[in-house]
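Working notes for the structure below.
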Amino acid sequence: MLPDHETLRLIRLAKEGDNAAKEQLLKENANLMKSIVRRYLGKGTEYDDLYQLAGIGLLKAISGFDEAYEVRFSTYAVPLIAGEIKRFLRDDGSIKVSRTIKQKSKELSAYIASYTSEHGESPTVRQLAEAFSMDESDVVFVLDSSKMPLSLYAQGDYKDEQTQELIERIPSKDFQEEWLDKLQLKSAIEKLSERKRRIILLRYFRDMTQSEVAREIGVSQVQISRIESRILEDFKKQLE
C-alpha cells in the first residue's frame, strides 16, 4: 500500500482527470479489491467480472473521497467497493428473492412499525421470531433480503441476557468477511456527528440500554430510540 500522502496526491491528480493516477491507484489497491472480491465468490458470477465491479467501486471512491473525512482512503473505499458488487448481485446476478420471502418481509416490516410506534423502540430479533413462529436466523435472513434497516451489529436481545450480536450468529467461512464488516462499520461510525457517534459507542460498545444512554445524553428514551433507528438504517444502506 502507498503511504497516505502519496495516495492523497494521486487522488487529487485523478480528480483532475489524470488517467495515469487512476491506473496507479487501481494497481496499488489491487490486493484490497481482491480481498473483497473473494467474499462474493461462489454466487454465480465469475471472478474477473467481480474484480471489474470492484474496480468501478474504487473509482467511485476516488471520485467521492474528501480529505475532510479524516479517514484512510482504504477505509472509505471498502463499503463502496462491496456496495458495487452487492448491487450487481442483487439487481443483475444470481441472487433473487422469492415472493414468499417478500411477503414475509412486508409482514415483519408492518409488525416492526407497529411495535416501534407503541413501545418507542424496535422489537428484538427474538421477539420477532416468537411473534411469527420463526427461527431467529430466518428472521435475520428475511429482513436482510429486503434490505430492512437491521444492523449486523445490533444486539439480538436484552442487555441483561448477554446475547451475541447478529453477526456472531451467522456462520462465516473465514475471518475475511468479519474483517470487512468491521472495517465498513468503522468507516460508517467515523462519518457520524459527535453526538450520534457517542450514542452508538454507549449503546453497542459500552453495553448501555437506551434509557441509560438517554440519561447520559440528557434526552428522552424515545428520542434515543428514534436517533438510533435512523443511524442503523443509514448503516444498513452503507453496508449494502
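Being a predicted model, the structure only gives us computed values, none of them experimental.
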Search all heavy atoms of Ile11 against all heavy atoms of Phe65 and return the closest pair with its distance.
CD1-CD2, 3.8 Å
Which atom of Tyr47 lies closest to which atom of Leu41, heavy atoms considered:
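Closest approach of Tyr47 to Leu41: CD1-CD2, 3.8 Å.
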What residues, two or more places apart in sequence or in another chain, satisfy salt bridge (charged side-chain N to carboxylate O under 4.0 Å, His left out) together with Glu67?
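Salt bridge (charged side-chain N to carboxylate O under 4.0 Å, His left out) list for Glu67, sorted by chain: Arg12.
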Salt-bridge criterion met for Glu194 and Arg197 (N-O under 4.0 Å):
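The answer is no: the pair does not qualify as a salt bridge.
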Ser114 meets the side-chain contact (heavy atoms from CB on, under 4.5 Å) criterion, sequence neighbours left out, with none
The complete set of side chain to side chain donor-acceptor pair (under 3.5 Å) pairs with one or both residues in residues 49-64, sequence neighbours excluded, reads Lys60-Glu84
Nearest 0.5 Å, what's the CG-CG distance between Asn29 and Leu10?
9.5 Å
State the CD1-CD1 distance between Ile224 and Ile217, to the nearest 0.5 angstrom.
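Answer for the CD1-CD1 pair, Ile224 versus Ile217, is 5.5 Å.
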Ignoring hydrogens and geometry beyond distance, is a side-chain donor-acceptor pair present between Gln127 and Tyr115 at under 3.5 Å?
yes
Using a 4.5 Å cut-off on heavy atoms from C-beta on, say whether the side chain of [Y] contacts that of [X].
X: Arg215; Y: Gln221; result: no
X: Asp4; Y: Arg9; result: no
X: Ile62; Y: Leu59; result: yes

